[in-house]
Protein chains: 2
Amino acid sequence: MEYKEYIEKFFNQGHKHYLSHISIDCVVFGFHENELKVLLLNMKNLNSWVLPGGFILKDEEMETAVKRILTERTGLTDIFLHQFQTFGGLSRSSFTVPELFFKNLQIKKDSWMFDRFISVGYYALVEYSKVKPIPDILSEKCEWFNVHDLPELAHDHRHIFDEAWQSLRFWINHYPIGYNLLPEKFTMPDLQKLYETILDRKLDRRNFQRKMLATGILNRLNEVKPGVAHKAPYLYTFNIAAYEKTLKTGFGFAL
Amino acid sequence: MEYKEYIEKFFNQGHKHYLSHISIDCVVFGFHENELKVLLLNMKNLNSWVLPGGFILKDEEMETAVKRILTERTGLTDIFLHQFQTFGGLSRSSFTVPELFFKNLQIKKDSWMFDRFISVGYYALVEYSKVKPIPDILSEKCEWFNVHDLPELAHDHRHIFDEAWQSLRFWINHYPIGYNLLPEKFTMPDLQKLYETILDRKLDRRNFQRKMLATGILNRLNEVKPGVAHKAPYLYTFNIAAYEKTLKTGFGFAL
DNA sequence: AATCATTGCGTATATTTAACACAATGAAAA
DNA sequence: TTTTCATTGTGTTAAATATACGCAATGATT
């Protein structure tokens with residue numbers, strides 16, 4: 001029974017490989033059908049969900065750990081990451097499970113996994129269609145949820161999510177977004193809907209277009225979106241050089 | 001020899017009371033004689049300096065730990081705190097000391113203090129004149145330094161300081177500042193110099209005054225600054241209610 | 001009484017934001 | 001074929017905000 005062995009080793013020996021008392025929690029945002037989505041996991045036999053997370057190997061950079069964790073959950077490499085806050089509440093434990101989870105498992109009462117954890121929060125922006133959600137060893141499902149219709153989250157994960165979203169809202173007023181979140185080619189309405197969804201408010205179509213074009217981060221292609229029953233919008237790609245540059249300097253306006 | 005015992009216990013037993021692998025580093029800003037200052041410590045017999053820091057007790061909220069640490073270093077309670085980033089580099093150890101530090105000390109080679117640390121960075125804003133800098137048990141001096149003339153800092157503390165200052169610069173464009181940093185009564189030029197020092201650039205005197213007054217966070221007193229050889233500026237206090245409110249909502253302009 | 005650095009308030013101009021008008025497009029309907 | 005219609009691309013205008021100065025008032029110092 002390989003699973004049993006793995007779990008027992010993780011609980012009983014994990015502190016030898018991972019930094020104890022420190023966990024990573026990730027809020028993975030995707031955009032699909034004009035909705036902002038978040039990736040959640042749920043435990044076997046437990047009806048509350050949790051954010052994808054994990055631990056830092058003793059010889060691993062923290063950010064490398066986050067990328068490793070997210071690659072395991074999504075299949076993607078090269079994910080946009082942003083550390084937004086670290087959570088140090090007193091009653092934080094890395095997870096909860098129903099008692100029956102431990103049935104047939106030989107796990108020490110003083111396992112590092114039952115200790116208090118300080119958790120470093122990252123949010124990630126990914127291209128929805130490229131993600132293959134993969135549950136981790138402790139969970140059963142890994143699914144997307146609309147940010148407006150989240151299930152009950154365990155621990156303080158609802159709070160972590162709220163802080164992540166707020167941080168993201170703040171971020172997009174100062175830095176470009178969309179690369180990593182939209183397909184390679186997209187239209188101006190697509191981009192606008194992304195902004196509207198994250199900011200959770202309507203924007204003026206015409207002013208939005210003018211501002212975005214003024215930033216210089218967009219390339220307008222000599223193509224329009226096919227198969228629309230009205231005037232077809234141009235397709236755009238991001239001007240990567242300008243995009244990367246603006247990621248560092250920020251742009252001066254707010255939407 | 002009480003000191004010897006204390007140090008040995010801290011190194012050899014500390015992991016029983018503190019969360020291992022996690023440290024706190026604080027960038028304490030003060031303002032004095034129109035200069036932005038930072039509080040630094042230095043080790044006995046070591047000529048590089050470090051930021052004030054410490055560890056989290058197992059039954060203590062993280063933010064409580066930060067306040068405890070800062071109260072120990074400054075004598076102040078009720079300090080403005082802002083968590084700005086968490087540092088997870090691979091080669092982070094909580095401290096370095098010269099070999100001779102361990103002379104006559106019985107310290108285990110595998111002490112928790114030699115492990116790798118993830119450090120949560122906070123900056124603090126304090127009223128310079130009220131601070132009584134107090135070295136910690138491992139250090140000899142605790143002194144203020146002009147941010148433009150810092151000594152060599154150990155580990156990645158220079159990087160941590162840079163990030164803190166940048167975060168503070170960003171912050172003051174959106175939220176009020178000055179309370180906790182200026183004396184109770186201050187003049188408009190005082191406040192402006194504070195902003196100029198943090199932002200590291202000149203601001204127009206007249207526009208600054210107009211904007212600050214428009215925020216409503218200032219009370220103009222029926223007093224002027226005494227003992228000046230020219231037109232005496234009004235004294236102000238902060239309107240605490242409005243200040244607190246704006247701390248939550250932010251104000252809409254940038255300087 | 002004159003000097004002078006500095007303050008408080010005002011104004012003129014440029015820049016940015018917000019709100020809206022209108023022709024162009026092209027598939028779908030008539 | 002022609003008309004309809006939702007939607008796009010661009011332009012225009014008014015309001016709000018930011019920036020750059022002008023100038024009289026102040027009050028210790030000369």
How close or far is atom P of C:dC9 from atom NZ of B:Lys211, stated in whole angstroms? 18 Å
Separation of atom CG in A:Asn207 from atom C1' in D:dA16, rounded to whole Å: 14 Å
Any idea which heavy atoms bring B:Ala164 and B:Tyr123 closest together, and the distance? O-CD2, 3.8 Å
A:Gln209 has a side chain; which of D:dC21, C:dA18, D:dG9 sits nearest to it? D:dG9
Under 3.5 Å, is there a donor on one side chain and an acceptor on the other for B:Ser23 and B:Ser119? yes
Would you kindly give the CZ-to-P distance between A:Phe208 and D:dT7, to the nearest whole Å? 17 Å
Whole-Å distance, B:Asn34 CG to C:dT6 P, equals 12 Å
Going by modelled atom types, is there a donor-acceptor pair between the base of C:dT7 and the side chain of B:Arg210 at under 3.5 Å? no
Closest listed nucleotide, where the reference is the side chain of B:Pro189 and the choices are D:dA20, C:dG8, C:dT7: C:dT7
Measure the NE2-NZ distance between A:His32 and A:Lys37 for me, rounded to the nearest 0.5 Å. 6.5 Å
For residues 79-90 of chain B, tabulate all N or O donor-acceptor pairs below 3.5 Å that involve a side-chain atom, not counting sequence neighbours.
from: B:Gln83; atom 1: OE1; to: B:Tyr122; atom 2: OH; distance (Å): 3.4
from: B:Gln85; atom 1: NE2; to: B:Glu163; atom 2: OE1; distance (Å): 3.0
from: B:Thr86; atom 1: OG1; to: A:Thr86; atom 2: OG1; distance (Å): 2.5

Shortest side-chain distance from A:Asp204, nucleotide among D:dT19, D:dT8, C:dC20: C:dC20
Could you run down nucleotides 21-30 of chain C 5' to 3' and tag each one B, S or - for protein heavy-atom contact under 4.0 Å? B--BBBSS--
Could you state the CE-C1' distance from A:Met212 to D:dT8, rounded to the nearest angstrom? 17 Å
Could you tell me how far apart A:Leu213 (CG) and D:dT10 (C1') are, to the nearest whole angstrom? 11 Å
Quick check: do B:Trp144 and B:Val131 have side-chain heavy atoms less than 4.5 Å from each other? yes
Write down the distance between CD (A:Gln192) and P (D:dG9), rounded to a whole number of angstrom. 11 Å
Distance in Å, A:Phe238 CZ paired with A:Asn180 CG, rounded so as to fall on 0.5 Å steps: 9.0 Å
Salt-bridge present (A:Glu72, A:Arg68; N to O < 4.0 Å): yes
Tell me the interatomic distance from B:Lys225, atom NZ, to D:dA28, atom P, rounded to whole angstroms. 14 Å
Respond yes when some side-chain nitrogen or oxygen of B:Arg220 is under 4.0 Å from OP1 or OP2 of C:dC9, and no when none is. yes
